[in-house]
Amino acid sequence: MARVVKGDTVLVVAGNDRGKTGKVLAVFPGAERVLVEGVNFVKRHTRPSQQNPQGGIVEREAPIHLSNAMLYCSKCGRGTRVRHTTLGDGTRTRVCAHCAEVIEKPRS
Ligand SMILES: [Zn+2]
């Protein structure tokens, strides 16, 4: 499993939104970027569309680089590195590098 997957909570460690946590809305593995809820808002100048008949300036989240986000461990209460281990039954899982807590794959 990738370090960060959709549905995870991550901590932003660089940029204007440093210190914020948010839910991962999408992962772009090729670009090593993640889209995080409520983080890195940019103003988009959009044309009128069916969904937005007025068009104009809309604030949307933009993806941030994976290196600027850390997986957030709710047990430690901080961002952490991720370690991969294999459980007794052979399933691969992610664990917190600090407290060794298993970080569940988010159900979505
Ligand atoms: Zn932890």
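Whatever order the structure lists ligands and atoms in, that order sets their numbers, starting from 1.
At distances below 3.5 Å, at least one donor-acceptor pair connects side-chain atoms of T46 with backbone N or O atoms of G56. Although no hydrogens or angles enter the test, the distance criterion places no donor-acceptor pair under 3.5 Å between the side chain of R94 and the main chain of V82.
Annotation: side-chain contact (heavy atoms from CB on, under 4.5 Å) contacts of F41 (sequence neighbours excluded): E59, E61. Among residues two or more places apart in sequence or in another chain, the salt bridge (charged side-chain N to carboxylate O under 4.0 Å, His left out) test is passed with K23 by none.
Atoms of the protein (N, O or S only) found under 2.8 Å from the Zn ion (ligand 1) are C73 SG, C76 SG, C96 SG, C99 SG.
The hydrophobic cluster around Y72 extends to L11, V13, M70, counting ILVMFWY residues whose side-chain heavy atoms fall within less than 4.5 Å of a member.
In the hydrophobic cluster analysis, where Ile, Leu, Val, Met, Phe, Trp and Tyr join through side-chain heavy atoms closer than 4.5 angstrom, L35 is grouped apart from V12.
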